[in-house]
Asker: 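Quick one: structure below, then a few questions.
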Amino acid sequence: MLNPDRSEEIKALKFSVTAADGTWLIDDYDNGIEPEMWEVPKDGSVPASVCAIQDDTAVVGFNVGAATDGGEVKLINIRTNEETASFKGVSCASGTGLVDGKVFLHRNMTEFAEFATLDIESGELTPYELPDVPSLNMVRGIGIKRGTIIATIGFTGGSYVAAIKDNKVLWKESIGNSSRCLMVKKYAACTTEWSAMAFDTHNGIAVLNVNVPDPINNVLWASDGFYQYPDGPGQRFDGKPVHLEGKASRLAFPDDFDGATVPLNELGQGFSEGYSFVLDGDGKVVAHSNDGEWTLTQTGAAFGKGMTSSVPIAVTASGNTFVYQPTGADAVLWSATQGTLAELDGVTEMDTSVLDGYLVIDESVEHGTRVAIPLAK
């Protein structure tokens, strides 16, 4: 167990977190979940894509027949299953998520790249074009800075990270295949097949381009650079190298792809490699572990129903409610103040993800993709 003196030190920790909206579960989950989850519909035998969710409205892509009709995107209320709007000739990628209240849709029936942003609240579509870029098979927005769209653009044979404003391409840079990007303050940070790359979103200048073995699994982006987990080295965006003492403690976010980062000098915090911390939206440590058994930081109570060596993959912004998987059991939605809120039968942590603050579950052919609906107050 943890040394009591070290427990007090952990209790006092607070990290300076940079994160996208919706990285943590919305606080409504502190009340529990409705008995019936919302099942993402299918179009024939092909499942639709849940691309984004806002205020109980899901953006769902029906891309069957896209080769001939361009697909269709619908807005569906997850509580009533009512369709509130539809847009033909556009597609969206599963788990795309919201950027500044907008979801990115693309058209694949045109000679050159075309996409649009959809404001869910107003239903307004704003179209964009990328001349001299081939027809799209994917677009993912990663940021909107002073009216400038920062997005990854995928097409057959490769992909770009690009900045577009007033329908003009300000800059674009090739990032190859199998790449993903996130916004880290004013930088677009990307992991490709063999490298870590970062671009200044103002001008597209590459501030980082480093070959890294297995970057998808080993690169941790920080708010001021990157670190090769678990044993370094790292580098700041200003080019200065970073060498942490020992191995960095693991900071647990619902999904690192959502862009939650802390400064490089906060990664180590002087703890051994065995320590893991779960952070809430304010950067406070709400649970910790140094031996596989999780403990609530503020109370010192054992976490949940029993020991688990896996990291709780979801936490509310308030830090009160978690999803975790006890050893040899199904995943549980568990409250720090109320105990078990729901047992997720047949679900493992690997089946769950956070999309715009909502808990998404994809664990079986029978159910397909489902969304856990926060319990109405």
Side-chain angles (χ1 to χ4, degrees), residues 20-23 25-29 31-66 68-109 115-127 138-141 254-255 258 314 323 333 342 344 347 351-377:
D21 291 340
T23 299
L25 292 175
I26 57 177
D27 291 342
D28 288 355
Y29 281 103
N31 302 308
I33 60 175
E34 298 285 357
E36 296 294 326
M37 296 188 190
W38 179 68
E39 294 194 13
V40 178
K42 295 184 178 181
D43 190 351
S45 61
V46 180
S49 300
V50 57
C51 306
I53 311 174
Q54 178 176 275
D55 297 332
D56 294 342
T57 296
V59 180
V60 184
F62 294 83
N63 297 332
V64 177
T68 56
D69 62 19
E72 184 177 8
V73 170
K74 297 181 179 180
L75 303 186
I76 302 175
N77 186 292
I78 65 174
R79 293 187 185 273
T80 64
N81 214 34
E82 176 188 4
E83 179 185 319
T84 58
S86 65
F87 306 87
K88 293 186 179 297
V90 289
S91 303
C92 61
S94 179
T96 297
L98 293 170
V99 177
D100 195 27
K102 298 175 175 59
V103 63
F104 283 65
L105 315 178
H106 73 273
R107 302 180 188 275
N108 57 3
M109 296 295 296
F115 70 94
T117 59
L118 169 62
D119 188 295
I120 299 179
E121 185 175 351
S122 67
E124 180 182 2
L125 274 175
T126 304
M138 181 278 293
V139 60
R140 184 185 296 273
D255 186 344
D258 284 329
V323 175
L333 183 69
L344 306 175
V347 176
D351 302 323
T352 60
S353 60
V354 177
L355 178 60
D356 304 320
Y358 285 81
L359 179 62
V360 177
I361 297 170
D362 189 1
E363 97 291 358
S364 70
V365 175
E366 177 184 357
H367 291 294
T369 302
R370 296 179 293 166
V371 177
I373 303 173
L375 192 66
K377 296 181 181 180

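Here the structure is a predicted model, which is why all the values come from computation and not from measurement. Sequential numbering from 1 along the given sequence is applied to the chain's residues. Note that these values count all heavy atoms, side chains included, but never hydrogens, waters or copies made by symmetry.
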Asker: Report yes if the side chains of Ile76 and Pro41 come closer than 4.5 Å at any heavy-atom pair, otherwise no.
Answerer: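 With C-beta onward as the side chain, the pair touches.
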
Asker: Quick one: closest heavy-atom pair of Arg79 and Pro374, and the distance?
Answerer: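 Nearest heavy atoms, Arg79 then Pro374: NH2-O, 2.8 Å.
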
Asker: Is any side-chain heavy atom of Val347 closer than 4.5 Å to a side-chain heavy atom of Thr352?
Answerer: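 Result yes, sub-4.5 Å side-chain heavy-atom pair found.
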
Asker: Closest heavy-atom contact between Val99 and Gly141?
Answerer: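 Where Val99 meets Gly141 most closely, the heavy atoms are CG2-O, 3.2 Å.
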
Asker: Please report the interatomic distance CG(Asn63) to OG(Ser49), rounded to the nearest 0.5 Å.
Answerer: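 Answer rounded to 0.5 Å: 5.5 Å.
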
Asker: With a 4.5 Å limit on heavy-atom distance, are the side chains of Val360 and Thr369 in contact?
Answerer: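 Counting from C-beta outward, Val360 and Thr369 do come under 4.5 Å.
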
Asker: Looking at Val323, Ile26, Ile33, which one forms a side chain to side chain contact (heavy atoms under 4.5 Å, CB included) with Leu359?
Answerer: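 Considering Val323, Ile26, Ile33, a side chain to side chain contact (heavy atoms under 4.5 Å, CB included) with Leu359 is found only for Val323.
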
Asker: Are the side chain of Tyr358 and the backbone of Asp56 linked by a donor-acceptor contact shorter than 3.5 Å?
Answerer: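 Looks like yes, one N/O pair under 3.5 Å.
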
Asker: Could you give the distance from CG (Asn77) to CD (Glu83), rounded to the nearest 0.5 Å?
Answerer: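 Spacing of CG (Asn77) from CD (Glu83) equals 12.0 Å.
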
Asker: Hey, what do you get for CH2 (Trp38) to CD1 (Ile373), rounding to the nearest 0.5 Å?
Answerer: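 Here the rounded value is 9.0 Å.
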
Asker: Tell me, do Thr57 and Ile78 make a side-chain contact under 4.5 Å, heavy atoms counted?
Answerer: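 Of all side-chain heavy-atom pairs linking Ile78 with Thr57, none is under 4.5 Å.
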
Asker: Roughly how far apart are Leu105 CG and Leu125 CG, rounded to 0.5 Å?
Answerer: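 It is 6.0 Å, given to the nearest 0.5 Å.
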
Asker: Determine whether Ile120 and Val59 make a side-chain contact, defined as any pair of heavy atoms from C-beta on separated by less than 4.5 Å.
Answerer: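 Side-chain contact under 4.5 Å: yes.
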
Asker: Taking atom CG of Asp21 as the centre, does the number of heavy atoms from other residues, nucleotides or ligands within less than 6.0 Å exceed 12?
Answerer: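 For Asp21, atom CG is not crowded (no more than 12 foreign heavy atoms under 6.0 Å).
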
Asker: For residues Leu355 and Val50, determine if any side-chain heavy atom of one lies less than 4.5 Å from a side-chain heavy atom of the other.
Answerer: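 Yes, at least one pair of side-chain atoms sits under 4.5 Å.
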
Asker: Taking atom CG of Asp356 and atom CG of Leu25, what is their separation to the nearest 0.5 Å?
Answerer: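 Going from CG on Asp356 over to CG on Leu25, the span is 11.5 Å.
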
Asker: Between the side chain of Tyr29 and the main-chain N/O of Gly357, is any donor-acceptor distance below 3.5 Å?
Answerer: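 Not at all, since once roles are kept as given, no pair shorter than 3.5 Å links the two residues.
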
Asker: Side chain to side chain contact (heavy atoms under 4.5 Å, CB included), that's the test. Do Met37 and Ile361 meet it? Break it down for me.
Answerer: CA-CA 9 Å; Met37 296 188 190; Ile361 297 170; 3.5 Å; yes

Asker: Search all heavy atoms of Gly61 against all heavy atoms of Cys51 and return the closest pair with its distance.
Answerer: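 In this case the closest contact between Gly61 and Cys51 is N-SG, 4.0 Å.
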
Asker: Report yes if some heavy atom in the side chain of Cys92 is under 4.5 Å from a heavy atom in the side chain of His106; otherwise report no.
Answerer: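 They are not in contact (no side-chain heavy atoms under 4.5 Å apart), so the answer is no.
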
Asker: Give a yes/no verdict on a cation-pi contact between Lys74 and Phe62, requiring under 6.0 Å between NZ or CZ and the six-membered ring centre and an angle within 45° of the axis.
Answerer: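 That pair qualifies as a cation-pi contact.
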
Asker: Set out, in order, the CA-CA distance, both residues' side-chain angles and the distance that settles side chain to side chain contact (heavy atoms under 4.5 Å, CB included) for Ile53 and Val371, then state yes or no.
Answerer: CA-CA 10 Å; Ile53 311 174; Val371 177; 4.0 Å; yes

Asker: Working to the nearest 0.5 angstrom, can you tell me the gap between Phe87 CZ and Leu118 CG?
Answerer: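 With rounding to 0.5 Å, CZ (Phe87) is 4.5 Å from CG (Leu118).
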
Asker: Using 4.0 Å as the upper bound for N to carboxylate O, is an ion pair formed by Arg370 and Glu39?
Answerer: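 No, no charged N to carboxylate O under 4.0 Å.
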
Asker: Might you point out which heavy atoms bring Ser94 and Arg140 nearest each other, and give the distance in Å?
Answerer: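 Between these two residues, the closest heavy atoms are O-NH2, 4.2 Å.
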
Asker: How about Leu98 and Gln54: do any of their side-chain heavy atoms sit closer than 4.5 Å?
Answerer: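 A side-chain contact exists here, since the closest heavy-atom pair is under 4.5 Å.
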
